[in-house]
Amino acid sequence: MNIHEYQAKQILKGYGVAIQEGVVADTPEQAVEAGKQVQQETGSGWLVVKAQIHAGGRGKGQIIGSEQRGVALAKSLDDVKTIAHNLLGNVLVTKQTGAAGKKVNKVLVAQDVFYPGPSEPKEFYMSVLLDRQTGKNVIVYTTEGGMDIEEVAENSPEKIQKEFIDPTVGLQPFQARKIAYNLNLQDKAAKEMVKFVTALYKAYDATDSSMFEINPVLKTSDDRIIAVDAKVNLDENALYRHPDLEALRDESEEDPTEVEAKKFNLNYVKLDGNVGCMVNGAGLAMATMDIIKLSGGEPANFLDVGGTANAETVEAGFKIILKDPHVKAILINIFGGIVRCDRVANGVVEAYKNLGNVNVPIIVRLQGTNAEEAKQIIDNSGLKVYSAIKLKDAADLVKELIK
């Protein structure tokens, strides 16, 4: 589950990570009040206004129809109001959003952290995530902060360093000191980086996160180490342990059909094809998408109804798939193990009747317990539903019907 920058920073702050302070706002007027609050609490003169969307590259992104960037420096409260007005309610396009972009509903008004001091500010990149190959957590870091990590990996891979952490023992003090040393930090800045890394890993581990990405981590001109940006991805499988974090979900940032699917405990991902598919089990779903490709079609979605498919979940799946205007046929591929095939067949027929006007052909392949009975139910329904037992037969029907 993705969350906004301002939410991520509050999590980090709660675990002792120093952050760029800011206040979130929904309107230009609120943005001005947020700016006043930030100035009073931090002493910052200039301010930074940041669009809050679930996508990176906001600084280089641009509002459709204007020259407004997703992150902009405000030298006055009037600037704050103007920038917030240009951002809020409009669509921001970045490298990660695609051409469609994302609507900006909130902005973060933050302190300016690039102030003058005895030393030069320096930006670093740092992320914490799981390395599945080693079964360990890893801190990825580089001196090339502020840049896309993909560009650094392509152009200067030798500058990316990794520190692997055994999750059974956690981050050791010598590892945090090693990171500070490799980033060429000394004295106060090195000590501050050790504190930063230690707190960052603690936050990552305690929140059951999939990834913490801080870009940039800033060494300020007075040798403080702070998180200027924060991208956090929470492990949805662990959210039952963190109801406070689950409450941070912003459904307006998610695909509406995927949000609806979650209400019925359906695992749904929209794709760009013309054949909708409904399957029980992720592995079978992947195989079904393969067979759709081999038949000459393109999968329009990934939809896993789970091992306990019934009439309600089948009907919900139908409704979600049929909302996609590109769908020319639907392939239902169910293996009857926990759930009996005849029950699924009855659910398909019932859902078809409840939905009324279904204008695309439906191919149902049921295999397993009571598969023959299920085929008879489908064949005798009198509906525009085609049954198959073998997967090849289902694929041939898909090929025939989409043409």
Q: Test Lys106 against every option in Asp250, Thr27, Asp26 by the side-chain hydrogen bond (donor to acceptor under 3.5 Å, both in side chains) rule and name the one that passes.
A: Asp26
Q. Do Thr207 side-chain atoms and Ala203 backbone N/O form a donor-acceptor pair below 3.5 Å?
A. yes
Q: Identify the two heavy atoms, one from Ala84 and one from Val107, that lie closest to each other, and give their separation to 0.1 Å.
A: CB-CG2, 4.4 Å
Q | Worked check of side-chain hydrogen bond (donor to acceptor under 3.5 Å, both in side chains) between Tyr204 and Asn137 | A | CA-CA 10 Å; Tyr204 165 83; Asn137 293 322; 3.2 Å; yes
Q) Between Ala395 and Ser295, which heavy-atom pair has the shortest distance, and what is it? A) O-CB, 3.4 Å
Q | Between NE2 on residue His242 and CG on residue Leu248, distance to nearest 0.5 Å | A | 11.5 Å
Q. Going from NE2 on His326 to CG on Asp272, what distance comes out if it is rounded to the nearest 0.5 angstrom?
A. 8.5 Å
(Q) Between Arg69 and Gln62 (side chain of the first, backbone of the second, donor and acceptor by atom type, cut-off under 3.5 Å), is there such a pair? (A) no
Q. Do any pairs count as a ring pair (Phe, Tyr, Trp, His ring centres under 6.0 Å) and have a residue in residues 51-100, sequence neighbours left out, and if so which ones?
A. His4-His54
Q) Do Lys270 and Glu258 meet the salt-bridge criterion of a basic N to acidic O distance under 4.0 Å? A) no
Q. What is the minimum heavy-atom distance between Ile3 and Gln7, and which atoms define it?
A. CB-OE1, 3.3 Å
Q. Yes or no on side-chain hydrogen bond (donor to acceptor under 3.5 Å, both in side chains) for Gln52 and Lys102, after CA distance, side-chain angles and deciding distance?
A. CA-CA 10 Å; Gln52 298 297 284; Lys102 281 183 173 288; over 6 Å; no
**Q.** Residues Lys262, Glu254; criterion salt bridge (charged side-chain N to carboxylate O under 4.0 Å, His left out); working and verdict
**A.** CA-CA 11 Å; Lys262 287 175 183 176; Glu254 301 178 18; 3.1 Å; yes
Q: Check step by step if side-chain hydrogen bond (donor to acceptor under 3.5 Å, both in side chains) holds for Glu298 and Asn274.
A: CA-CA 5 Å; Glu298 291 287 339; Asn274 57 356; over 6 Å; no
Q) Are the side chain of Thr288 and the backbone of Leu284 linked by a donor-acceptor contact shorter than 3.5 Å? A) yes
Q. Taking Glu163 for the side chain and Ala176 for the main chain, is one N or O donor matched with an acceptor at less than 3.5 Å?
A. no
Q) For the side chain of Ser221 and the backbone of Glu120, is there at least one donor-acceptor N/O pair under 3.5 Å apart? A) no
Q) Any donor-acceptor pair under 3.5 Å linking the side chain of Arg365 with the backbone of Asn333? A) no
(Q) Would the distance check show the side chain of Gln175 and the main-chain N or O of Gln172 forming a donor-acceptor pair, the cut-off being under 3.5 Å? (A) yes
Q: Could you tell me whether the side chain of Ser76 and the main chain of Asp79 form a donor-acceptor pair under 3.5 Å?
A: yes
Q: For Asp205 and Tyr201, indicate whether the former's side chain and the latter's backbone hold a donor-acceptor pair under 3.5 Å.
A: no
Q. When rounded to the nearest 0.5 angstrom, what distance separates CG in Asn237 from CG in Asp208?
A. 10.0 Å
(Q) To the nearest 0.5 Å, what is the distance between NZ on Lys375 and CG on Asn370? (A) 15.0 Å
Q.
Considering only residues two or more places apart or on different chains, which pairs with a residue in residues 192-201 satisfy salt bridge (charged side-chain N to carboxylate O under 4.0 Å, His left out)?
A. Glu192-Lys195
Q | Expected output: side-chain Lys231 to main-chain Ser127 donor-acceptor under 3.5 Å | A | no
(Q) Using 0.5 Å steps for rounding, measure from the CD1 atom of Ile214 to the CE atom of Met126. (A) 9.0 Å
Q. Between Ile334 and Cys341, is a side chain to side chain contact (heavy atoms under 4.5 Å, CB included) present by the stated rule, with each step listed?
A. CA-CA 7 Å; Ile334 301 291; Cys341 291; 5.5 Å; no
Q: Determine, step by step, whether Lys219 and Ser119 satisfy the side-chain hydrogen bond (donor to acceptor under 3.5 Å, both in side chains) criterion, reporting the C-alpha distance in whole Å, the side-chain angles of both residues, the deciding distance to 0.1 Å, and the verdict.
A: CA-CA 9 Å; Lys219 181 197 81 66; Ser119 65; 3.0 Å; yes
